[in-house]
Amino acid sequence: REEQEKNRRVLGLLFESGEALESLVFEAMEELGASVEVPTESGQEDGAIVVKLAGENRRAVLEVGGTRGEGHSENRIRQLLAWVNRSLELNGFKSKGVFVGNSSNALDPSSRPFPFSDSWVRSAKAWDFSALRSEDLLAAVLAHRRNELDLGAFWRSIFNESGPVSREKLLGIELGQ
């Protein structure tokens, strides 16, 4: 019963927005091994994660957003930049910027368009921010529950990539083999 509820709840990554989506992203990140720092002040950041990668603690500041629209606004990049800069001021070191988005959330996930415009991608890459779709985060959680996810590859893809991170990279699937 508890397992069914857990599985049903994580499906909210496909359709939620706002604080409900933020909460689900935090839960998913924790399940995948991150320590989650929930924001202490509303409107100052969407939270942060810390992950041990290659023996080193890596920190990322999150911007989480959901929309019924087809794509994510470039305001999300500006918001994430503000969160990263605030984190630098408070902590004295630079954190990775990570955007987790759920666009076209009223549509079936299989029919959703790619949510990042060319200029959005260029901006994310220029600031070394990574971005993932919430449906790909869900795929990672489900693969982890089946013991089919390489957590190291998952976290490396988030911390080492700039711009949108493909589902294949997140899941550690090598293409062309």
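Nothing here was measured: the structure is a model prediction, and the numbers come from that model.
Heavy-atom contacts from other residues, nucleotides or ligands closer than 6.0 Å to NZ of Lys96 number more than 12. For Arg68, the CZ atom is loosely surrounded, since the number of other residues' heavy atoms within 6.0 Å does not exceed 12.
Taking the charged nitrogens against the carboxylate oxygens, Arg86 and Glu89 have no contact shorter than 4.0 Å, which rules out a salt bridge. A salt bridge links Glu27 with Arg9; the closest basic N to acidic carboxylate O contact falls under 4.0 Å.
In this structure, Glu135 CD and Ser104 OG are separated by 9.0 Å, a value rounded to the nearest 0.5 Å. If you take CG on Leu137 and CG on Leu21, they are separated by 9.0 Å, rounding to the nearest 0.5 Å. With rounding to the nearest 0.5 Å, the separation of CZ in Phe26 from CG in Asp46 is 6.5 Å. We find the CG-CD1 distance between Leu149 and Ile173 to be 9.5 Å, quoted to the nearest 0.5 Å. Between Leu14 atom CG and Arg133 atom CZ the span is 10.5 Å, to the nearest 0.5 Å. Note: Leu171 CG to Leu142 CG = 10.0 Å, rounded to the nearest 0.5 Å.
Looking at Ser130, its side chain does come within 3.5 Å of a backbone N or O of Ile158 through a donor-acceptor pair. Between the side chain of Ser111 and the backbone N or O of Asp108, at least one donor-acceptor pair lies under 3.5 Å. Without hydrogens or angle criteria, Ser166 side chain to Lys169 main chain gives a donor-acceptor distance under 3.5 Å. Not a single donor-acceptor pair under 3.5 Å links the side chain of Asn102 to the backbone N or O of Ser134. With hydrogens and angles disregarded, no donor-acceptor distance shorter than 3.5 Å links the side chain of Ser162 to the backbone of Phe129. Checked by atom type and distance alone, the side chain of Asn91 pairs as donor or acceptor with a backbone atom of Ser87 at under 3.5 Å. In this structure a side-chain-to-backbone donor-acceptor pair under 3.5 Å is present from Trp155 to Leu32.
The two residues Pro115 and Ser103 come nearest to each other via the heavy atoms CB-OG, 3.0 Å. A pairwise comparison of heavy atoms in Gly66 and Asn105 identifies C-ND2, 4.2 Å as the closest pair. Between Leu107 and Pro113 the shortest heavy-atom distance is CD1-CD, 4.5 Å. Here the shortest heavy-atom pairing between Val121 and Phe116 reads CG2-CB, 3.8 Å. Heavy-atom minimum distance, Glu31 versus His144: O-NE2, 3.4 Å. Heavy-atom minimum distance, Ser95 versus Val61: CB-CG2, 3.6 Å.
Applying the side chain to side chain donor-acceptor pair (under 3.5 Å) rule to pairs touching residues 11-20 yields nothing, sequence neighbours excluded.
In this structure, Leu80 is not a member of the same hydrophobic cluster as Leu90, with clusters built from ILVMFWY side-chain heavy atoms closer than 4.5 Å.
Contacts of Arg59 classified as salt bridge (charged side-chain N to carboxylate O under 4.0 Å, His left out), with partners at least two apart in sequence or in another chain: Glu37. For Glu22, there are no salt bridge (charged side-chain N to carboxylate O under 4.0 Å, His left out) partners, not counting sequence neighbours.
Ring orientation note: the planes of Trp120 and His72 are tilted relative to one another, at an angle of 30° to 60°.
Remark: Arg112 qualifies as a cation-pi partner of Phe15 under the 6.0 Å distance and 45° angle criteria applied to the six-membered ring.
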